[in-house]
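Okay, so here's the structure we're looking at.
Bear in mind the structure is a predicted one, so any value in this text is a computation, not a measurement. Residue numbering restarts at 1 for every chain, and letters A, B, ... go by the order of the sequence lines.
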There are 2 protein chains.
Amino acid sequence: MKRDVVPRGALRALVLATLGDGALHGYALARALEERALGTWKIREGSLYPALHELELEGAIAASWTKAPNGRRRRVYSLTRAGKRAAKGARAEWLGIAEMLKAMLA
Amino acid sequence: MKRDVVPRGALRALVLATLGDGALHGYALARALEERALGTWKIREGSLYPALHELELEGAIAASWTKAPNGRRRRVYSLTRAGKRAAKGARAEWLGIAEMLKAMLA
DNA sequence: GCCCATACCTCGGTAACCGATGTATCGTGG
DNA sequence: CCACGATACATCGGTTACCGAGGTATGGGC
């Protein structure tokens, strides 16, 4: 399936929330997000990688090149202190939005 | 307050859901939506009116000019049969999105 | 007379995303 | 041993739904 797509603006919140559970590299992050979404949402690389670069520039996440056991290069991302704060805010914001949507559509 | 804004793509769903509870004219619809959102979400006329025109073109809603008791002209919108179907679909879609967001951020 | 609320509308600009495309390495089945 | 899919990164032009600002017009209150 993997048809639908994350609602606009939520990608950053989801990335921050997921990285809050542990550092991941981009590709694994995409897989983790799709798994969390039970395959309902497709994570587009053309959205994810630019978003990661932006979050890095903003100082919300820190990246470092590492070598996977199989030799492939990976860029592993983890939350900075500022990122943890941002994650908390974004999580609250989007939970609020979800709550409001449920209330208004129920 | 009225700071935040409806998430992208949800406006149509909310309009359809609200009109499902009875016909309204544009301005009243905006007020009704903001009230439903407890003042959290601001409804922009620059978003609402074009959305209404689009929904009308698509045949989801029907409009008719009426005269308010005070003499002001109003364009009252109501759901068509197709609109009721669309409302159901949009409601299910966005409730699903809200559910997924809650699950992924909780 | 002036201003705010009501009530409609349009239009340029933009944020965030989509889709396509590109690079490169690794594992594996034939 | 080599083609192909999975892994893993990246960029970039195009789209879309919206935002913000502006416009018109009438009604009622002070």
**Q.** Side-chain heavy atoms of Arg36(A) within contact of Met104(B), under 4.5 Å
**A.** yes
Q: Let me have a per-nucleotide readout for nucleotides 20-30 of chain D, 5' to 3', with B, S or -, counting only protein heavy atoms under 4.0 Å.
A: B-----BB---
Q) Tyr27(A) side chain N/O closer than 4.0 Å to the phosphate oxygens (OP1, OP2) of dC9(D)? A) no
(Q) So, under a plain 3.5 Å distance rule, would you say the side chain of Arg8(B) forms a donor-acceptor pair with the base of dA17(D)? (A) yes
Q.
Can you measure Glu34(B) atom CD to dA7(C) atom P for me and round it to whole angstrom units?
A. 14 Å
(Q) Is there a side-chain contact between His53(B) and the phosphate of dC8(C), meaning an N or O under 4.0 Å from OP1 or OP2? (A) no
Q | Leu57(A) CG to dA10(D) P, straight-line distance once rounded to whole Å | A | 12 Å
**Q.** Spacing of Arg31(B) atom CZ relative to dC4(C) atom P, expressed in whole Å
**A.** 16 Å
(Q) Rounded to whole Å, please give me the gap between OH in Tyr49(A) and P in dC18(C). (A) 15 Å
Q. Out of curiosity, Leu24(A) CG to Leu19(A) CG, how far, rounded to the nearest 0.5 Å?
A. 6.0 Å
Q.
How many whole angstroms separate atom NZ of Lys42(A) from atom C1' of dC18(C)?
A. 12 Å
Q. Ion pair present between Glu93(A) and Lys88(A), side-chain N to carboxylate O less than 4.0 angstrom?
A. no
Q: By nearest nucleotide on DNA chain C, pick out whichever of His25(B) and Pro7(A) is the more 5' one.
A: His25(B)
Q) Do the charged groups of Glu99(B) and Lys102(B) touch, with an N to O distance under 4.0 Å? A) no
Q) dT11(D) C1' sits how many Å from Glu54(A) CD, rounded? A) 14 Å
**Q.** Comparing Leu11(A) and Arg74(B) on DNA chain C - which has the more 5′ nearest nucleotide
**A.** Arg74(B)
